[in-house]
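Before I ask anything, let me first share the structure, which is written out below as structure tokens.
Letters go in sequence order (proteins before strands), and every chain restarts at 1.
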Number of protein chains: 4
Amino acid sequence: MPEPRFRRRKEDRPQEITEAALTAFAEKGYAATRVDDVAKRAGVSKGLLYLYFKTKEDLFKAVIRSFVVPRIDALTTIIDNSEMSAEEFLRGPFFEFARTLPGSHISILIRLMIAEGPKHPDLLQFYWDNVVSRGLGAISELLERGVQQGEFRRSAVNELPHLFAMPVLFSVVFRSLFEKQCPDTDKLIGAQLDLLIAHMKGDVA
Amino acid sequence: MPEPRFRRRKEDRPQEITEAALTAFAEKGYAATRVDDVAKRAGVSKGLLYLYFKTKEDLFKAVIRSFVVPRIDALTTIIDNSEMSAEEFLRGPFFEFARTLPGSHISILIRLMIAEGPKHPDLLQFYWDNVVSRGLGAISELLERGVQQGEFRRSAVNELPHLFAMPVLFSVVFRSLFEKQCPDTDKLIGAQLDLLIAHMKGDVA
Amino acid sequence: MPEPRFRRRKEDRPQEITEAALTAFAEKGYAATRVDDVAKRAGVSKGLLYLYFKTKEDLFKAVIRSFVVPRIDALTTIIDNSEMSAEEFLRGPFFEFARTLPGSHISILIRLMIAEGPKHPDLLQFYWDNVVSRGLGAISELLERGVQQGEFRRSAVNELPHLFAMPVLFSVVFRSLFEKQCPDTDKLIGAQLDLLIAHMKGDVA
Amino acid sequence: MPEPRFRRRKEDRPQEITEAALTAFAEKGYAATRVDDVAKRAGVSKGLLYLYFKTKEDLFKAVIRSFVVPRIDALTTIIDNSEMSAEEFLRGPFFEFARTLPGSHISILIRLMIAEGPKHPDLLQFYWDNVVSRGLGAISELLERGVQQGEFRRSAVNELPHLFAMPVLFSVVFRSLFEKQCPDTDKLIGAQLDLLIAHMKGDVA
DNA sequence: AATGAATGAGTATTCATTCAT
DNA sequence: CATGAATGAATACTCATTCAT
């Protein structure tokens, strides 16, 4: 009996398609990715793809939405729910997050955001609201908690959570461009964390 | 028939074209820039443009080559020739360089490199050899000099000149994406420098 | 499980669909009308529509068939059954028919026939046989009756019932294209009738 | 020596293309005509066609503009410049014009206008201003001249030049739809002219 | 009978690149 | 050298039609 030409799987389709798109975008970049190709990878006709995503741009946005946001969610959830000290969190889950990000699929999405962002202002806004702003906010909150609990002293760093995000972005970009010549990004991220934590604790760094 | 008042010099043509291209790429990005448009901006016919640059990709590479490298040259030249202490250099010319970069045209080129780089491995190699590697090397050298002269202590940071480059890349990317919500990048760069210098000097940060 | 309050009758379906199609075609024209849209207007699934009409073209033909023919029927029935004199008929029911046609839905169908006709020769044949030929025949017959009864004289006009149809077609087309600049079509149709009747009666027009 | 792949004929291209388009539109109608096909007929690449006409719609408009307007010009020029009496003009040049139109290419354009007009309001306006309004105006003027010179009496017909245009439009439409069953359109047009002229002259028609 | 998810052929339009002049 | 007319491959998107459910 031959494979049925049709499978009715309304529920699964969107995710099947965004997954295929993620891979395709990751390999070729946005502009060079053919809608045809995404459909083929998803094992779906082009027409069906357009049933779920009005345009290629739409598809791109959906990819960003569905793969990046959950990562941030995971991080903020831990901050909110755990009993860890700030340092424990930074050296534990945060370091783990920062360390693994540059090698993951998400890393490629971040490069895509940098590349394509300026052409999609609404996506940029979405990304700011749901990813960047929340991520920075979570760090700020964490530092504040550290200060409240006498773990950290207050300093200019409290206003600059970006200092914690910096090595992550740097590693993402660096590894995606100069894979070969890239330093051990773990070391880089670790070094920055050491610097910052020593500073916050008032130690000689 | 009157002699044309200005006759364009053959020798200037390539630069006129790369300048036009820089502006165009900066405005629209690589893919969305039309060769036609670059030619028009340069006041040159499309055919002539193709006489100097075999392909659009070629033109892109030429743009990167001619505008980014000189900036790095300027910086390394100062390091090599000046009598400043390491800290003076970092707080002086380096800070100035880092502070102005994110708002300049070069900033856009860096974003373009991030976006288009992976499609042009040879360009990436060129960029590594002539910009990144030399930039990081210059910082390493500077730190080493600081150590030699008793200004700095030796630490893990000596092996990670990236820590000095990080805030620059971060600011470039951040400002080009989130102009509105962007923090004062001067402050960010300054804070990182403070952290690093305090650490190198062994101060309580 | 409650019985649905209204259960659509199978027998009514085709007409409900052609009615929806008429409206849709009238609004958008044949090519721009989506089968999807017709189905939605008819409150029916696309699949069911295709159960009744094999193709979109089929649907179009059905629309023409079901809405135009009855109009002609109505007219010929009056001719055949009434006791009116020819002039009474022309100035009465015929004028009424001619006057109201250009503003009705049928008018749009006629425009569609003009537009799409050449692509559907069989439809054209059907239209000729059932509408045009019968309409012209009815007029011829009427004129003949007028001659037989001494009401009209015989002239070249007897062979050209088209002269009576002309202002109707003209008004239909004119109003559908130049609604704004259109003359009072009643006056136009009336004037042509006056001309023709005066001629047939041998009056000075 | 092989045919050169390029011919530089900037001046001739637009007309070569509109001519090809006229034929194609005439054969297939607007929607069914492929831009590809027009280009092929014109012996030109698709790209070049788009150099001269921004869109398919643009091309269509150009076709209407370039082939219909001159015909009207020819007619009005005769009215304005000739010394003929009104009747001479009507039975001479006007009849000739009306007689030949339904078999000409223009006839097909008129059908296209009827079919596509409502989708292109600006084209419709152009057509009204440059063709219909001027054509009707010319007839009105002619009738008025006839009245002034004692050739015609004044009547309701003076206000309805449409009565003269009617048989032309009717013949155009009729012949393009029912070529086979079409009456001798010359006879039809002649009969209407006879009716109208007799009426204007006050004769028993 | 009824649904609507799934198909895929079909087409307008763009743009880097070439080459006759 | 210089031009810009000419090329044609490449691609997002549509929609009539089908068919598993």
* Would you check if the side chain of C:Thr33 reaches a backbone N or O of C:Ala24 as a donor-acceptor pair within less than 3.5 Å? =>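 Confirmed, C:Thr33 side chain pairs with C:Ala24 backbone.
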* Go through E:dA2, E:dT13, F:dT7 for me and flag the one nearest to the D:Ser45 side chain. =>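 Given the options E:dA2, E:dT13, F:dT7, the side chain of D:Ser45 is closest to F:dT7.
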* Specify the separation, in whole Å, of atom OH of A:Tyr50 and atom C1' of E:dT11. =>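 Computing the A:Tyr50:OH to E:dT11:C1' distance gives 14 Å.
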* Mind checking C:Lys46 for me? I need base, sugar-phosphate or nothing, with any heavy atom below 4.0 Å counting as a touch. =>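 The residue C:Lys46 makes base contact.
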* So A:Phe178 and B:Trp128, would you call those rings parallel, tilted or perpendicular, with 30° and 60° as cut-offs? ->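 Geometry flag for B:Trp128 against A:Phe178: tilted rings.
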* Using the closest heavy atom to pick a nucleotide of DNA chain E for each, name whichever of B:Thr33 or D:Ala32 lands nearer the 5' end. =>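 The residue whose closest nucleotide sits nearer the 5' end is D:Ala32.
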* Asked: In whole angstroms, how far is the P atom of E:dA16 from the CG atom of B:Leu51?
  ->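 The answer, rounded to whole Å, is 18 Å.
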* Of the nucleotides E:dG4, F:dA12, E:dA5, which one has an atom closest to the side chain of A:Leu48? ->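 Output: E:dA5.
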* Asked: Does OP1 or OP2 of E:dA5 have a side-chain N or O of A:Arg13 closer than 4.0 Å?
  ->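 Answer is no, no contact under 4.0 Å.
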* **Closest listed nucleotide, where the reference is the side chain of D:Lys56 and the choices are F:dC15, E:dA12, F:dT17** =>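 Of all the options, the side chain of D:Lys56 is nearest to E:dA12.
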* Nearest whole angstrom, please: distance from the P of E:dT14 to the CG of D:Asp58. =>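 Result: 11 Å.
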* **Upstream residue (5' side of DNA chain F) when A:Lys54 and D:Leu49 are each assigned their closest nucleotide** =>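 Comparing both residues, the 5'-ward one is D:Leu49.
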* To do: Looking only at side-chain atoms of B:Tyr52, point me to the closest of F:dA6, E:dT14, F:dA2.
  =>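 Closest nucleotide to the B:Tyr52 side chain: F:dA2.
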* Asked: Could you give the angle between the helix axes at the two ends of the helix from E:dA2-F:dT21 to E:dT21-F:dA2, with five pairs per end, rounded to 10 degrees?
  ->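 Axis-to-axis angle, ends of the helix: 10°.
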* B:Tyr127 six-ring centre to B:Lys61 NZ/CZ under 6.0 Å and within 45° of normal ->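 Not flagged: B:Lys61 not positioned over aromatic ring of B:Tyr127.
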* Take the protein atom CG of D:Asp36 and the nucleotide atom C1' of E:dT14, then report the distance between them rounded to whole Å. =>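 Roughly 14 Å, once rounded to whole Å.
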* Quick one: label D:Phe53 by what it contacts on the DNA or RNA (base, sugar-phosphate, nothing), any heavy atom closer than 4.0 Å. =>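 Answer is nothing: D:Phe53 stays at 4.0 Å or more from every strand.
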* Report yes if a side-chain nitrogen or oxygen of B:Arg34 is closer than 4.0 Å to either non-bridging phosphate oxygen (OP1 or OP2) of E:dT14; otherwise report no. =>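 Looking at the OP1 and OP2 atoms of E:dT14, neither is under 4.0 Å from any side-chain N or O of B:Arg34.
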* Asked: Could you state the OH-C1' distance from A:Tyr30 to F:dA12, rounded to the nearest angstrom?
  ->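 In whole Å, F:dA12 C1' lies 10 Å from A:Tyr30 OH.
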* **Under-4.0 Å salt bridge between C:Lys28 and C:Asp37** =>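 Answer for the salt bridge query: no.
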* Value in whole Å for how far the P atom of E:dT14 lies from NZ of B:Lys28 ->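 That distance rounds to 14 Å.
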* Asked: Under 4.5 Å between any side-chain heavy atoms of D:Ile108 and D:Phe67, yes or no?
  ->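 No - every pair of side-chain heavy atoms lies 4.5 Å or more apart.
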* Among the candidates E:dG8, E:dA16, F:dA12, find the nucleotide nearest to the side-chain atoms of A:Val35. =>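 The closest nucleotide is F:dA12.
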* Nearest-Å distance for atom pair NZ/C1', residues D:Lys40 and F:dA6 ->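 D:Lys40 atom NZ is separated from F:dA6 atom C1' by 17 Å.
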* Between E:dA2 atom C1' and C:Asp12 atom CG, what is the distance in whole Å? ->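 Between C1' of E:dA2 and CG of C:Asp12: 17 Å.
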* Asked: Does C:Glu27 CD have over 12 foreign heavy atoms under 6.0 Å away?
  ->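 Atom CD in C:Glu27 is packed in, count exceeds 12.
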* To do: Determine the interplanar angle of the C:Phe60 and C:Phe25 rings, folded into 0 to 90°, and report it as parallel if under 30°, tilted if 30 to 60°, perpendicular if over 60°.
  =>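 Ring orientation, 0 to 90° scale: perpendicular.
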* Asked: Going by an N to O cut-off under 4.0 Å, is there a salt bridge joining D:Asp36 and D:Lys40?
  ->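 D:Lys40 and D:Asp36: not salt-bridged.
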* So which one's nearest nucleotide on DNA chain F is more toward 5', C:Ala31 or A:Glu57? ->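 Whichever sits nearer the 5' end wins; that is A:Glu57.
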